[in-house]
Amino acid sequence: MVATADSRDTSVVRPADTHDVFNQAPPLEGYDVFSADPALVEGLVREGAGWARSDLERLGLLAGAAPTQELGRQANENPPVLHTHDRYGHRIDVVEYHPAYHQLMTTALDNGLHSGPWADPRPGAHVARAAKVIVWYQVDAGHICPVSMTYAVVPALRHQPDVAGAWEPMIGSTTYDPSNRPVAHKAGVTCGMALTEKQGGSDVRANTTRAEPVGGGSDGSYLLTGHKWFCSAPMSDAFLMLAQTPGGLSCFLAPRWQPDGTRNPIRIQRLKDKLGDRSNASSEIEMSGVWSQMVGEEGRGVRTIIEMVNHTRLDCILGSTAVMRQGVAQATWHATHRSVFGKLLGDQPLMANVLADLALESEAATASALRLARAYDAAPDDRYEHLLQRLLTPVVKYWTCKRAPQHAAEALECLGGNGFVEESMLPRLFRQSPLNGVWEGSGNVICLDVLRALAREPEALDAYWSEVALADCGDGRLSRAVDDLHVDLSDPITLESRARSVVERMALVFQASLLVRSAPDVVAEAFCASRLGGGGSGVFGTLPMGTDTAAIVARHTPT
Ligand SMILES: Cc1cc2nc3c(=O)[nH]c(=O)nc-3n(C[C@H](O)[C@H](O)[C@H](O)COP(=O)(O)OP(=O)(O)OC[C@H]3O[C@@H](n4cnc5c(N)ncnc54)[C@H](O)[C@@H]3O)c2cc1C
């Protein structure tokens, strides 16, 4: 058949021959992802990083632009490819990423998402970075993994000042340089972590990787032999790892290239075919004599690497918060453009209830994430903030990450069938949503960490009560929930088997106290009524009668 001039001209959108297309929501693009999220804007200022507002507005506009969203789609739909050998059979262990992934990484590093608070540690630096991560994660989650690990590696490296002195200036560079060569020839670096082995990820003390000192170990160099079962971002320039020495489990930094300019023998066996996080490579590696440097004291590997783990846990919270915010943005946008049974979807009372409930969850997650980020800012010089950071990191991680999958499923349902279709981006959010609950401590392990914090640093609970009490007079339901929580925590014998329900209530009380203090009354009232008032089923869309759902939805709908 000969194509007519008209049918070849793809720039002209013509009505279909059979029907008019109407009542479909336009794509949510060309908006400022940051400014459209009042909970994020207000939280940024409240937690001491108002100075970063113009940077965030710029990043927010970029994140919401159609070409950027297209990059996110491409990065997600073109997962990385492993090349173990070159054409001649030499081992190369190279992972090839889609160009869109590299572009997203370039922006992430340019905005200091990987190192801002270390390179420029002004008050509010962790809060500013947290807000940026929440914004940029909404474009594509996968590439944030190496960004998070690079950010988190620094406090652990500082246990070994000579190693930190060599690496920190490179980590502080805002240039993304994906080239595979020794760091001396690079303009910037990224870092990873490899703890999980086949026989155990939560129980890292079961690690079997061995470290042998080079030349007696006098210069802190070791050769690592063994494997790691999850090693995300395997093209990182260096990895923190745990390995056994005669003195016990210790922490090491293994670069991709050895000091003599040859490749370190880190063999990438294969890449994982994952549920979500598709743009990012997660690999299985084997090591035979990998050159590394000890970080921190011999035998104190867990104590050293926990510094990194805590910072990646903060990023798990930020990632799940971003998933929820993007779900709310997509669902409310759809509901303000789609009509059903003669009314806008968002004006149907039952849908307004669902949307408002989703928005409350997102707002509570945002407020608690940013308050926690402030604790990261202040902790080094302030004991109270240190104690809050210690206890609230696992409390907030547990609850935020637990809520994200339910939230994503419900946001998807708001779009009906369109939400189940890949083009809507909701399936991507849904597949991503469980990840942060698994990574860096799964639900039970995180709850047990809360109990560990309570047992080892009882003052942390005092700090928690003080923080919550800042809103004590604000809501009777909050006061009663605090009293109930005191009772819950009073019986340590049965605490382990009750840990999930206790940690959930600790999170809810903390979130309620923040909202009572700082959110609009309509938001705080609805949160306390639905989360502390009893009677809720946990299903979204069950806000009690009298809730001003329209006001809550209007606050959270992108314009
Ligand atoms: C996409 C992705 C990327 C990852 N990237 C990395 C990476 O870069 N580096 C890295 O080191 N790891 C990485 N991981 C691994 C991750 O950190 C581990 O999967 C996680 O820590 C759990 O370890 P595991 O898989 O061995 O499960 P297990 O430790 O076997 O745990 C299985 C289940 O048992 C529960 N459990 C464990 N102990 C207890 C207990 N005492 N009481 C009750 N319940 C318990 C856990 O909560 C979990 O639900 C990644 C994982 C994913 C999904």
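Each ligand, and each atom within it, is numbered from 1 in the order the structure gives.
- Put simply, atom 6 (C) of ligand 1 has protein non-hydrogen atoms near it, under 4.0 Å away.
- A donor-acceptor pair shorter than 3.5 Å cannot be found between the side chains of Q330 and S424.
- Of the candidates L242, T150, T312, M193 forms a side-chain contact (heavy atoms from CB on, under 4.5 Å) with just one, namely T312.
- Of all atoms in ligand 1, numbered sequentially from 1 with element shown, those under 4.0 Å from a heavy atom of K274 are 1 (C).
- Between the side chains of Q326 and Q138, a donor-acceptor pair is found at a separation under 3.5 Å.
- Listed by number with element, the atoms of ligand 1 under 4.0 angstrom from any heavy atom of A194 are 11 (O).
- Under the 3.5 Å distance criterion, with hydrogens and angles disregarded, a donor-acceptor pair is assigned to the side chains of K228 and N207.
- Distances from atom 25 (O) of ligand 1 to the protein include no heavy-atom value under 4.0 Å.
- Numbered from 1 in the order shown, with element, the atoms of ligand 1 that lie under 4.0 Å from a heavy atom of V438 read 20 (C).
- The contact set between ligand 1 and L195, taken as ligand atoms under 4.0 Å from a residue heavy atom, comprises 10 (C), 11 (O).
- Counting protein heavy atoms under 4.0 angstrom from atom 30 (O) of ligand 1 gives zero.
- Listed by chain and residue number, W118, Y151, Y376 satisfy the ring-ring contact (aromatic ring centres under 6.0 Å, His included) test with H311 (two or more places apart in sequence, or in another chain).
- The atoms of ligand 1 that sit less than 4.0 Å from any heavy atom of L435 are 1 (C), 2 (C), 52 (C), 53 (C).
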